[in-house]
Amino acid sequence: MNYDSKLADQLKTVPRSGIRDFFELVQGRDDVISLGVGEPDFPTPWNIREAAIKSLEQGMTSYTSNLGMLELRKSISTYVEKFFHVNYQAATEVLVTVGVSEALDLALRALLNPGDEVTYHEPCYVSYSPSVIMAYGKPVPVPVKAERLFSLDPADVAAAITDKTRVIMLNFPTNPTGGIATEEDLKGIAELAIKHDLIVISDEIYSELRYAEGEHVSIATLPGMRERTILLHGFSKAFSMTGFRLGYACAPAPLIEAMMKIHQYAMLCAPITSQIAAIEALENGEEAMLSMKAEYKRRRDFVVNRLNEMGIPCHSPGGAFYVFPDISQFGMTSMEFAMKLLEQEDVAAVPGTAFGECGEGFLRCCYATSFEELQVAMQRIEAFIKRL
Amino acid sequence: MSQDALLDLIRNEARLSHADIAARLGISEEAAAARLAALEADGVIMGYQAVVNQEEVLDENVSALIEVKVTPEKGGGFDKMARRIAKFDQVSTCYLMSGGYDLMVVVTGKNLREVAGFVSAKLSSMEGVLSTATHFRLKTYKESGFTYVGDSDSGRLSVSP
Ligand SMILES: Cc1ncc(COP(=O)(O)O)c(C=O)c1O
């Protein structure tokens, strides 16, 4: 059968994931030190796992409310108020989702009409452009630059806005650059959103993992922004719970209601075991989270120092657990560099181009791996570039 | 740098080199060496030991936890008795306790008989020891922070978004 003719046209316009290509290359090799992951190396803190186990013992295996357990939404509301300084009503303004991944998809599908444009910064998380396309929107990436520490220049956003623009999508701290937005840039973007009457989807999944001076600032806290922001957050990164697949969206009730309309039919509800674990994470997970964060910071400092020392320019990222060194001086594309590094030194790092064309000349190295491995990886990278 | 950061680090990984410690704490190698030397000189760090998985060691040791009741010394306190008991090579740990008994003593020996022999011949016959209750260790689940059945390899993918 000609399956190609059976598949939706829309899907065919989504390119194959660059990450997946690279994954297949790495798969076949032993002894690889991987800086290619996008998740924590710590197991989920025991008290969180224990809460999940206990709930299973008690036979809590049913569906929950579509929105998520009220107790969890209350915990989320309290946590978000304390951490982001924005207030959302647990009853109507919080939706528990299967990861930020689902929340992102819901938000886009709830907001976009075919052909509507979504402006966001690149390099960015691999799902942004495909998710926009699958929601029948048009992705309009705006490059962020290493010189500006990968913050987003409002002037560049302004230049990208057309009468088709409906949504600005943000992710600070950023996967893959580790960049954080300056407050001034955020303010400029907020002004644009207000001026052009746009909704902002703000994926703040790495917000706890901020190492730079000062507190994380959510764009939802800026004047006039709460009413037009969908704040997305989750448990995967800060609480090391990727496999639990749990996230949430906070937004004004009509927006949550719209997202919920899709969620209730597509997903019904997030898994109850994960929701119970998430309550424990919010209520009693801070200490473990802070100790993981302290370790990430130590590793970040080490990796940034080592890369710069060996002559690979790398800014010290303000958050997340990635560094995004500039390898353009070696006269290879990111893909060539990553492939050779893998073949010759068994170190896997993801080519910057997997996160958008403007990632050319960069490499994403994740430091969510043990200190010993990072030390060896840095030795290998140094040996590799010395031979070039 | 706080003293605690260094202590926390080598509490878990005693074999780190000065260079490793320096890299992790973001200090110079000299500073790490000096700090460590000071901790050792001050007796804050008393030694470095391997945490051995007892279940994997063939020449099986036995160990017992012994509750000891002793007569308080003149003027109160148990220091003298506790120090005497702690001196025995067979004793690996000795704590003064609150609650139903006074000293908790961990004794290790080659076999059951050796430990029992130590308790009856040395410990319970000491002047001032009122009674002992010996509990033999049957199986270890966690030792010095290491669980015997730990987390399995997480199965984390080597490349992910
Ligand atoms: C920026 C960003 N958003 C969303 C996700 C997906 O997170 P979740 O596990 O909550 O679906 C990731 C995961 O890598 C990410 O880096």
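Throughout, a chain's letter reflects where its sequence line sits, starting with A, and its residues are numbered from 1.
Remark: Arg29(A) engages Asp346(A) in a salt bridge, criterion side-chain N to carboxylate O under 4.0 Å.
Of the listed residues (Gly243(A), Pro43(A), Gly36(A)), the one with the most heavy-atom contacts under 4.5 Å to chain B is Gly36(A). When Tyr125(A), Phe302(A), Phe355(A), Phe23(A) are compared by the number of non-hydrogen pairs under 4.5 Å with chain B, Phe23(A) comes out ahead. Contacts with chain B were tallied for Leu25(A), Val37(A), Ile19(A); Val37(A) has the most, counting heavy-atom pairs under 4.5 Å.
Of the candidates Phe150(A), Tyr128(A), Phe172(A), Phe172(A) is the only one forming a ring pair (Phe, Tyr, Trp, His ring centres under 6.0 Å) with His121(A).
In this structure, chain B has a heavy atom under 4.5 Å from the side chain of Arg49(A), while its backbone stays farther away. Looking at Arg364(A), the atoms closer than 4.5 Å to chain B (heavy atoms on both sides) all sit in the side chain, from C-beta outward. Residue Val32(A) does not touch chain B at all, counting heavy-atom pairs closer than 4.5 Å. Looking at Glu24(A), there are no atoms closer than 4.5 Å to chain B (heavy atoms on both sides), in backbone or side chain. Residue contact with chain B, scored on non-hydrogen atoms closer than 4.5 Å, involves the side chain of Asn175(A) exclusively. In this structure, the portions of Thr369(A) lying under 4.5 Å from any heavy atom of chain B include both its backbone and its side chain.
Side chains of Tyr211(A) and Lys297(A): no donor on one and acceptor on the other come within 3.5 Å. Between the side chains of Asn171(A) and Thr174(A), no donor N or O sits under 3.5 Å from an acceptor N or O.
Around CZ of Arg15(B), the count of heavy atoms belonging to other residues, nucleotides or ligands within 6.0 Å does not exceed 12.
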Legend entry - Arg245(A) and Glu102(A): CA distance, side-chain angles, deciding distance, salt bridge (Lys or Arg N to Asp or Glu O under 4.0 Å) verdict: CA-CA 9 Å; Arg245(A) 309 303 309 119; Glu102(A) 193 216 347; over 6 Å; no
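No side-chain heavy atom of Phe371(A) sits under 4.5 Å from any side-chain heavy atom of Glu13(B).
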